[in-house]
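To start, the structure itself, in structure tokens.
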Amino acid sequence: MSKLIPVSELTEDAARKELARLADQLSRANTLYHAEDAPEISDAAYDALKRRNAEIETRFPSLKRKDSPSEQVGARPTDGFSKVIHAVRMMSLGNAFDDEDVHDFDRSIRKYLGLDASKPLSYSAEPKIDGLSLSLRYEKGKLVQAATRGDGEVGENVTANARTISDIPQILENAPNVLEVRGEVYMSHADFEQLNARQLEAGEKTFANPRNAAAGSLRQLDSTVTRARPLRFFAYAWGELSEPLADTQIDAIERLHDFGFVTNPLTRQCDTTEQILGHYRDIEAQRSTLGYDIDGVVYKVNDLSLQTRLGYRSTTPRWAIAHKFPAELAWTRLEAIDIQVGRTGALSPVARLHSVTVGGVVVSNATLHNEDYIAGRDAKGGTIRDGKDIRVGDWVQVYRAGDVIPKIADVDISKRPEGATPFEFPTICPECNSDAVREEGDAVRRCTGGVICPAQAVEKLKHFVSRKAFDIDGLGAKQIEMFYDDPDLPVRTPVDIFTLQQRDSANLNKLANRKGWGAQSAGNLWAAIDEKRTIPFGRLLFALGIRHMGEAASNLVANHYGTWSEFERAVTSAADFEGPEWEDLLSVDGVGEVMARALVSAFAQEAERASIDALVAQLEVQEAKRPDTEGSPVDGKTVVFTGTLEKMTRAEAKARAEALGAKVSGSVSKKTDLLVAGPGAGSKAKKAAELGIETLDEDGWLQLIGTA
Ligand code: IVH
């Protein structure tokens, strides 16, 4: 790649030639991308070309071509595949690990719906396929689009690839006008073995397990490669529908089967939790002979109208759960214990293991949780593993459950090498030598270095750019480590990322001359950073890495406040952990006191606040969207429920009101817009009457929200 001449130094003639070349390159890139789904250049590279074109046109307006690429609308999405916004979000599932979790699941559903244990409640139960989910959209019976799950809201358009899978019908007879069928793409054991043998023979890479093989095959830019891969598909759910499929889950699956989809033959209706657990054991007994990987059994409330009433938590339905099979185990030698310092200062012990295969995956690291865990104690001073501690050199049992980090379950002290000594957990931070202290009630020892601890700062930055946070193309953990210590272009806090380009150009664009870099890759990075200057509120909040603020919680908070400025105002006013803004924060479903304190404290901390404000000044923070609240009669209103509700439980009433954009509060004040009072309402109804607040009974409320 020849080096780019700065636009300011271009002669008119060179500019004309370059504009012609850019028009050509961009038009070719567009065709390959949109028409053939086979792009040759990355999105960041594409954006860099577009920017270069615009810069030249700005300097030489008279040279702007008739077919100028800047007149063509439509930005390319960030990956090789175009993006698809799912009409109905693709959810994940909560997990149950033992029988008791399943009983709890049944109890919580009954509680939510107000059904006592004597009332019938059936479920469907079917294997949980270990593949990757796919959403297929049919319009007037024709397959028009196939999309991967992505982050649940936005997936990748893999239509051309899905068309090559023979289990996926292209045409459906008598189907609803709009029908989105969802299910799992997977590879059978036999096909996986054959594929790997072929790959090996051809000198190509082999896959670690059938799931990776299926994912790698579906996400091929060249659909002829996908066609040659033996992918299969089980249908088990649906997204957007122009008309309902059936009244029950079991009947809906039957209809999908009638349309020509493959549905799992082990799908059963179960009328009691005992039947559910019986079916789980049946499936578990057949697991090794099914010929494809499954990792549990999924239970779904059978009655679809009850599914609707139960609705969703932020990313999982209340009406379904995945009952996982027990984890896979293996024994190996513990070679060392390292201490890693995380973004919140936690000192986390990591087991370095002699590599071992656990359930088809090679494992060489496992978490050891904390010092008590190593010592064989639990947080309450009781014993774990019968009090056996873990020492370097020990023979340990490793297990993996799902995609989580491997863990150590047990230790065989009969094989302990002579002279092995108990592990001494450090009391100073191995990264910055600050004291590492354990606060009362905290299982974790933390570095007290705060901003001076480079490990914390680096981890915070890595979290900031991670996939579920800013997800900046070309700026991952490795680059963060490079920039953190960079003498010319240091990145110490998130805002530094957004001033990088400006600082580099003040520094004579030196980045482009470094080893491993060039004008192209530097340009790509600036483009990728610029692309993320517009960011959804929930993502930004999660990216800040505030303790206890996970992805789901960040989205809940974002949805509650809507705009960043409103949120900022509210957390600032809640600084004393009291008053209406504090109460309001605590009222957010899913936000507990510990989380609320961490959030408010982060914004009250001067240095942290300054760093957040400087960052936000570089960004455009998108309002959090409240799904389905448009046109809702209670959107933005504050509602209080009091007295006995007869048609639904309090929990259900609250969740429904919130889904419609209302804030549900526990007490009546001047801010209350509506009181819903059932029989037995007392002081709240009186207070509402005094304040002249509109009051409805339960039927009136149901009529208002259109579900009477
Ligand atoms: S139902 C709203 N059923 O598991 C519920 N999911 O951990 C949608 N999966 O993303 C999912 N087998 O990829 C459902 N029989 C099954 C499944 C299944 C596998 C996957 C699916 C989902 C993930 C959640």
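Predicted model, so just to flag it, every value in this text is computed and none were measured. Atoms within each ligand, like the ligands themselves, are counted from 1 in listed order.
- Classified by interplanar angle (parallel below 30°, tilted 30° to 60°, perpendicular above 60°), the ring pair Phe234/Tyr186 is parallel.
- When Gln307, Arg89, Gln249, Met91 are ranked by how near their heavy atoms come to atom 10 (O) of ligand 1, first place goes to Met91.
- Asp293 pairs in a side-chain hydrogen bond (donor to acceptor under 3.5 Å, both in side chains) with only one of the listed residues (Arg287, Arg211, His189), which is His189.
- Not a single N or O atom of Ser92, backbone or side chain, sits closer than 3.5 Å to an N or O atom of ligand 1.
- With salt bridges taken as basic N to acidic carboxylate O contacts below 4.0 Å, none links Glu652 and Lys654.
- In this structure, atom 13 (O) of ligand 1 lies nearest to the protein heavy atom Glu184 OE1, 2.8 Å.
- Thr357 is not listed as a side-chain neighbour of Val363, based on a closest heavy-atom distance of 4.5 Å or more.
- Between Trp319 and ligand 1, no N or O atom pair is found at a separation short of 3.5 Å.
- Relative ring orientation between Tyr299 and His323 is described as perpendicular, the plane-to-plane angle rising above 60° on a 0-90° scale split at 30° and 60°.
- Taking a 4.0 Å cut-off on heavy atoms, Gly183 fails to register as neighbouring ligand 1.
- At a 4.0 Å heavy-atom cut-off, ligand 1 touches Val298 through the side chain alone.
- In this structure, atom 5 (C) of ligand 1 lies nearest to the protein heavy atom Leu93 CD2, 3.7 Å.
- Considering backbone and side-chain N/O atoms, Ala237 never comes within less than 3.5 Å of an N/O atom of ligand 1.
- Between Asp258 and Arg255, none of the side-chain N atoms (NZ, or NE/NH1/NH2) sits under 4.0 Å from a carboxylate O, so this pair counts as no salt bridge.
- Every heavy atom of Ala320 sits 4.0 Å or more from the atoms of ligand 1.
- Side chain of Arg149 to backbone of Met91: a donor-acceptor contact under 3.5 angstrom is found.
- Scanning all protein heavy atoms for the shortest distance to atom 15 (N) of ligand 1 gives Glu126 OE2, 2.7 Å.
- Remark: the Arg227 side chain and the Thr224 side chain contain no N/O donor-acceptor pair separated by less than 3.5 Å.
- Below 3.5 Å of separation, one finds an N or O of Tyr236 facing an N or O of ligand 1.
- Looking at ligand 1, you'll find an N or O of Ile129 within less than 3.5 Å of one of its N or O atoms.
- Set against the non-hydrogen atoms of Pro317, the atoms of ligand 1 under 4.0 Å away are 2 (C).
- In this structure, the side chain of Tyr373 does not engage the main chain of Ile384 through any donor-acceptor pair within 3.5 Å.
- Look at Lys300 and you'll find a heavy atom under 4.0 Å from some atom of ligand 1.
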